[in-house]
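What follows is a set of notes on a single structure, which appears directly below.
A note on names: the letters A, B, ... follow the listed sequences, proteins ahead of strands, and every chain is numbered from 1.
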Amino acid sequence: MAIPYNRRTHRCGELRAADIGREVVLAGWVNRARDHGGITFVDLRDHTGITQLRFDPASAAGPHDTARTLHNEDVIAATGKVVGRGEWVNPKLPTGEIEVQVSAVDVLSRSDPLPFQVNDDFEAGEDLCLRYRFLHLRRPEMQARLRLRHAIAAAIRAYFHEHGFIDVETPFLTKSTPEGARDYLVPSRVRPGTFYALPQSPQIFKQLLMIAGYDRYAQIVRCFRDEDLRADRQPEFTQLDMEMAFVQREDVMNVVEGCVQRIFKEALGIDIPLPLPRMTEHEAMNRFGIDRPDTRFGLELQDVTELVRGTEFSVFREAIDKGGVVKCIVASGGDLLTRKVTDGLGDEILGIGGAGLPLTKVAQGAGGLEFATGIAKHIQPLAAQLCAQVGAKAGDTIFFMPGALADVCKYLAHLRGRLGSIMKLVPEDKWNLLWVIDFPLLVWDETEKRWFSTHHPFTAPLDEDIPLLDTDPGKVRDKAYDLVLNGTEMAGGSIRIHQQAVQKKIFGLLGIGEQEAKEKFEFLLDALRFGAPPHGGIAFGLDRWAMMLSKSESLREVIAFPKTQRAVCPLTNAPSPVSQAQLDELFLSVKPLPKK
RNA sequence: GGGGCCGUAGCUCAAUUGGUUAGAGUACCGGACUGUCGAUCCGGUGGUUGCGGGUUCGAAUCCCGUCGGCCUCGCCA
């Protein structure tokens, strides 16, 4: 008599003491079997948990014989009665008060010996985990991550549906865009020699939808970028892409905040108070040296340029003479900031392009606070005044950074992050969300001697700054907004330009001539000519949300079938060569690899 | 493209820093055991130390190259 595995009465994590006496049907994977010669126990696992099955030779000889043959990851169905465990309760399991006294068992599928164990904590090599991803995904941690990811996606879909947004699908086979990341290309068979590009984002399509009168659009959509991978970067990734018409910046931010609140509530059960804090890009750079500050801890940057302006110390002197600044971070690191540690930090600064990390320690001298080590001898006369200004006490370490403002910010932002973790100042249970707004619309590139968009060329300037486009373009702020969570950029968007005149002016500043603009963005420019409503939107990195909310180290942990650093899928072995026939059909030939 | 770390049994790791026959846990195979829950106990199979070259009396260990994985800089509007 076959066990009706399609009529499971419970999942493996569900049974409790209240169920004692019930006849149940369970099915799942053998997590572990313990054969005592007589009585045999089998831990049966599914995604909800584990239930102990009890096979007693006295009451059910046949099932007991079967149980003795079971191995890890065999798939079985069993039926029996839920019984109490008496004195043998296992407090480690939610189902530990009961077990199932098995009366019949079917082996639905046997497992070969495993390349790695599903039921233990040893993390197999990552390539092996990806090669046998279906096994790795059986593990409870992976189950939890993918289910959390689903909860986030489900919250997003429900929220936008309830707020009147519609999901419109945009093409994957689309046009290569000249700027931005490298495109993934797909050859056309019917127009040999031409190529589609997979979209880096549906940016232009969603703007066209606004112009087409679909005033609230939201889509969870795959995007593709052929660039080198990182722990937080995959060649294909998923965005929540959203756009609204007839809105100002506040409207978009309000809708997004509501969505964020919903995500935290439904995925983690956490209440996020609204509205979220806002900070201008200027303030963020000033205080944290970065436009996506982690506000969970202090160690803010302090400007001491004026105070050290008169110093003879050549390292500071030269920076200031070149129009740069001197900023510092005061760290009450105590014994954590040993010579070895600070030397290491200095090496890191060198590694990211800095010239070094001048520092000193504050000590209590006879006549007040004085500088002890490092660059002490160069700036000793400033000790009292400097310590007073930056709030340094005896025992503190002051890290200085002289140079051009942008460089100083870069190095001190890096340092701040490292100090935060070395000094264990980062509270792991906090979720610090904030908006960063008022970015510069344009940044000057000294190497290419031209302006670049901070975000993209369709980002609208602040209305009050539009006159500055003619006089001082670098001062123009934009209507962009980035959502930052614990120092990570989680979403970014803007109000878009909906007026031809402004768009033309921006293209002019970017050095994009009329001819070039027409070639690259003709369809968007066309659309702007035929009645474009004011509009704006945002894109969330869904993978990154899942990674952050599950506190994962890597994007690969929240993607079911991710790729390795060389963009290979070890499971399917993609990418792989194709047949000559396939190439012929596309009129493609493959060049031989260059010899070394 | 640059820099760094890593690669030893199916898996996770060790090997006294160049020295005898490369070990342990786990998995797997055989045996014992009626209350385990990382079961226990006894026995066993399992190794091209990623691959190729070099140095050496002797290489898992040192050197060069190469392949793969991870981290990172560049790159990612």
Residue list, side-chain contact (heavy atoms from CB on, under 4.5 Å) with A:Glu97, at least two apart or on another chain: A:Ala17, A:Val89

Round to a whole Å and report the spacing from [atom1] of [X] to [atom2] of [N].
X	N	atom1	atom2	result
A:Asp43	B:G38	CG	P	9 Å
A:Arg34	B:U40	CZ	P	10 Å
A:Ile512	B:A77	CD1	C1'	10 Å
A:Arg182	B:A77	CZ	C1'	14 Å
A:Gln207	B:A77	CD	P	16 Å
A:Arg45	B:G38	CZ	P	15 Å
A:Leu441	B:A77	CG	P	17 Å
A:Leu135	B:A27	CG	P	16 Å

Sugar-phosphate only, base, or nothing, as touched by A:Glu73 at under 4.0 Å among non-hydrogen atoms: nothing

Sugar-phosphate only, base, or nothing, as touched by A:Ser201 at under 4.0 Å among non-hydrogen atoms: base

Value rounded to 0.5 Å, distance of CZ in A:Phe439 from NZ in A:Lys479: 16.0 Å

Atom pair CZ/NZ of A:Arg22 and A:Lys81 - distance to nearest 0.5 Å: 13.5 Å

For B:U17, glycosidic torsion class - syn if within 90° of 0, otherwise anti: syn

Mind checking the [atom1] distance from [N] to [M]? Whole angstroms is fine.
N	M	atom1	answer
B:U12	B:C57	P	37 Å
B:G50	B:U8	P	6 Å
B:C6	B:C62	P	10 Å
B:U49	B:C13	C1'	13 Å
B:C11	B:C28	P	15 Å
B:G54	B:A59	P	12 Å

In plain terms, say whether [X] and [Y] are close enough for a salt bridge, that is, a side-chain N and a carboxylate O under 4.0 Å apart.
X	Y	answer
A:Asp120	A:Arg139	yes
A:Glu227	A:Arg233	no
A:Lys475	A:Asp465	no

Per-nucleotide protein contact string for nucleotides 3-13 of chain B (B base, S sugar-phosphate only, - none; heavy atom under 4.0 Å): -------SSS-

Check: A:Thr79 main-chain N/O paired with A:Ser103 side-chain donor or acceptor under 3.5 Å: yes

Donor-acceptor contact below 3.5 Å, side chain A:His71 vs main chain A:Thr69: yes

Pairwise 5' ranking along RNA chain B for A:His71 and A:Asp35, keeping only the more 5' one: A:His71

5' precedence on RNA chain B between A:Arg230 and A:Gln203 (nearest-nucleotide basis): A:Arg230

So, does [X] get its side chain near the phosphate of [N], meaning an N or O under 4.0 Å from OP1 or OP2?
X	N	answer
A:Arg566	B:G69	yes
A:Arg556	B:C71	yes
A:Thr564	B:G69	yes

A:Phe224 six-ring centre to A:Arg222 NZ/CZ under 6.0 Å and within 45° of normal: no

Non-hydrogen side-chain atoms of A:Ile349 and A:His414 separated by less than 4.5 Å: yes

Which nucleotide, [options], lies nearest any side-chain atom of [X]?
X	options	answer
A:Asp56	B:U34, B:U36, B:G69	B:U34
A:Lys92	B:A27, B:U34, B:G38	B:G38
A:Lys410	B:G74, B:C71, B:G35	B:G74

Does the [N] base have a donor-acceptor partner in the side chain of [X] within less than 3.5 Å?
X	N	value
A:Arg85	B:C37	yes
A:Arg225	B:C75	no
A:Arg54	B:U34	no
A:Asp228	B:G74	yes

[N]: pairing nucleotide in any strand, Watson-Crick or G-U under 3.5 angstrom:
N	value
B:U66	B:G50
B:A24	B:U12
B:C57	B:G19

